[in-house]
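Some notes on the structure that comes next.
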Amino acid sequence: MGFMAIQTPSPRRALVIDDEKALATLVAGYLERDGFEVHLAYDGPEGLDAARSVDPDVVVLDLGLPGLDGVEVCRQLRTFSDCYVVMLTARADEIDTLIGLSVGADDYMTKPFSPRELQARIAALLRRPRRAAHGIESPSDPLRIGALSIDLPAREVLLEGQPVPLTRTEFNVLAALAASPHIVFTRRVLIEAVWGDNWVGDEHLVDVHVLHVRQKLGDTADAQRYIRTVRGIGYRIGTGG
């Protein structure tokens with residue numbers, strides 16, 4: 001009688017890109033305890049090469065890297081990967097600048113930081129939108145909003161039949177809004193739906209991701225076909241018109 005092999009799920013992969021080797025090793029240790037397969041790189045070009053070979057689920061990326069800085073690494077990373085990116089910076093006042101640059105990072109942290117907080121931030125990023133919080137199950141048929149189609153199980157977005165290359169966080173933001181079409185989301189509620197209850201950080205990060213989604217859907221501040229701003233409150237899904 002033969003034995004059936006039991007397949008265990010592959011561990012999630014994390015890439016830490018930081019020229020402070022002691023800090024990179026410390027972060028790697030915490031992520032390994034969370035079950036990640038962790039890879040390290042210590043400058044920008046090495047980090048990009050590692051990202052191409054490793055195909056990470058999440059990248060912890062320092063801003064002040066030799067070779068290529070974190071902004072340029074993130075921009076190039078976004079041309080071939082939709083992994084989650086947590087950007088690290090040594091100065092708090094740089095975070096507003098980084099958000100304004102819209103380089104494609106999903107979250108930002110200032111050094112020195114608590115490795116446990118980084119763990120919590122990454123865990124929150126890796127969660128799917130919690131539609132059940134609003135009593136809505138994921139439909140089997142794609143959600144349709146005008147020329148936009150959102151397939152929640154397949155995590156696929158089509159606009160006029162053409163795929164829209166959203167990052168994971170951008171998809172999660174759009175999916176959370178689309179799954180609850182009659183709800184106006186405050187920034188805090190949208191954060192809880194996408195990142196989880198325990199997320200800590202600048203709530204205006206939501207605005208950056210909404211801006212990215214609008215740009216990719218061909219929306220503008222005037223013609224808000226797919227994501228509408230409800231002044232003084234937050235955001236809701238549009239009608240496509």
Side-chain angles (χ1 to χ4, degrees), residues 7-15 35-37 51-59 74 76-86 102 104-107 121-185 189-197 199 205-206 208-219 224-228 234-241:
Q7 293 185 342
T8 58
S10 300
R12 283 176 163 155
R13 294 176 300 279
L15 172 62
F36 283 90
E37 173 190 302
R52 287 188 175 94
S53 63
V54 170
D55 188 22
D57 297 288
V58 62
V59 171
C74 194
Q76 292 192 33
L77 183 64
R78 282 294 176 235
T79 66
F80 63 87
S81 175
D82 70 344
C83 65
Y84 291 117
V85 176
V86 180
S102 300
D106 298 286
D107 204 351
R121 297 275 191 102
I122 290 173
L125 285 172
L126 290 168
R127 293 190 188 102
R128 295 282 294 273
R130 296 179 305 141
R131 290 174 291 277
H134 302 292
I136 296 177
E137 297 299 325
S138 177
S140 56
D141 294 329
L143 301 172
R144 300 191 184 279
I145 304 161
L148 184 68
S149 171
I150 306 168
D151 188 330
L152 298 179
R155 297 181 65 81
E156 181 179 60
V157 176
L158 302 177
L159 181 61
E160 296 180 348
Q162 299 301 311
V164 180
L166 299 180
T167 69
R168 298 183 193 188
T169 298
E170 290 163 4
F171 178 89
N172 291 350
V173 168
L174 179 62
L177 292 169
S180 302
H182 304 296
I183 292 177
V184 177
F185 286 74
V189 170
L190 193 53
I191 281 171
E192 290 177 359
V194 175
W195 283 272
D197 296 337
W199 187 87
L205 191 62
V206 169
V208 177
H209 292 297
V210 168
L211 173 63
H212 290 172
V213 175
R214 280 176 168 164
Q215 289 172 340
K216 292 181 179 181
L217 297 180
D219 253 357
Q224 299 179 9
R225 296 173 299 167
Y226 300 114
I227 298 182
R228 292 186 174 175
Y235 300 102
R236 65 174 299 170
I237 201 70
T239 60

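One is the number of the first residue; the rest follow in order along the sequence.
The closest donor-acceptor contact from the side chain of Thr79 to the backbone of Gln76 lies under 3.5 Å. No donor-acceptor pair under 3.5 Å is formed between the side chain of Glu192 and the backbone N or O of Val189. No donor-acceptor pair closer than 3.5 Å links the side chain of Asp106 to the backbone N or O of Val86. Here the side chain of Arg225 pairs no donor or acceptor atom with the backbone of Ala147 at under 3.5 angstrom.
The side chain to side chain contact (heavy atoms under 4.5 Å, CB included) search around Val210 returns Val173, Val206, Arg214, Ile227, Tyr235, not counting sequence neighbours. Taking Arg236 as the reference, nothing meets the side-chain hydrogen bond (donor to acceptor under 3.5 Å, both in side chains) condition, with sequence neighbours excluded. Under the side-chain hydrogen bond (donor to acceptor under 3.5 Å, both in side chains) criterion, Arg228 pairs with Thr239, sequence neighbours left out.
Screening Leu166, Thr169, Val194 against Leu174 for a side-chain contact (heavy atoms from CB on, under 4.5 Å) leaves a single residue, Leu166.
The minimum heavy-atom distance linking Ile145 with Gly238 is given by the pair CG2-O, 3.4 Å. Minimum interatomic distance between Gly240 and Tyr226 (heavy atoms only, all atoms of both residues): CA-CE2, 3.6 Å. Between Cys74 and Ala105 the shortest heavy-atom distance is SG-N, 3.7 Å. Contact detail for Gly35 and Pro11: the closest heavy-atom pair is O-CB, 3.4 Å.
The line from CG of Leu126 to CZ of Phe36 is 5.0 Å long, rounded to the nearest 0.5 Å. Leu205 CG to His209 NE2: the interatomic distance, rounded to the nearest 0.5 Å, is 4.0 Å. Atom CD of Glu37 is separated from atom CG of Leu15 by 11.0 Å, given to the nearest 0.5 angstrom. Between Ile237 atom CD1 and His182 atom NE2 the span is 12.0 Å, to the nearest 0.5 Å.
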**OP:** List the steps, then state whether side chain to side chain contact (heavy atoms under 4.5 Å, CB included) holds for Val164 with Phe171.
**Re:** CA-CA 10 Å; Val164 180; Phe171 178 89; over 6 Å; no
Subject >> Derivation of the side chain to side chain contact (heavy atoms under 4.5 Å, CB included) call for Gln215 and Asp219 >> reply: CA-CA 6 Å; Gln215 289 172 340; Asp219 253 357; over 6 Å; no
**OP:** Using the side chain to side chain contact (heavy atoms under 4.5 Å, CB included) rule, take His212 and Val208 through it: C-alpha gap first, then chi angles, then the decisive distance, then the call.
**Re:** CA-CA 6 Å; His212 290 172; Val208 177; 3.6 Å; yes
Original post:
Step by step, would you call Val59 with Cys83 a side chain to side chain contact (heavy atoms under 4.5 Å, CB included)?
Top reply: CA-CA 7 Å; Val59 171; Cys83 65; 3.7 Å; yes
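Judged by a 6.0 Å distance limit and a 45° cone about the ring axis, Arg168 is positioned over the six-membered ring of Tyr84.
For the pair Ile150/Leu148, a side-chain contact is recorded, criterion being any heavy-atom separation below 4.5 Å from C-beta on.
A salt bridge is defined here as a Lys NZ or Arg NE, NH1 or NH2 lying under 4.0 Å from an Asp or Glu carboxylate O, and Lys216 with Glu170 meets this definition. Checked for salt-bridge contact, Asp55 and Arg12 miss the test: no charged N lies under 4.0 Å from a carboxylate O.
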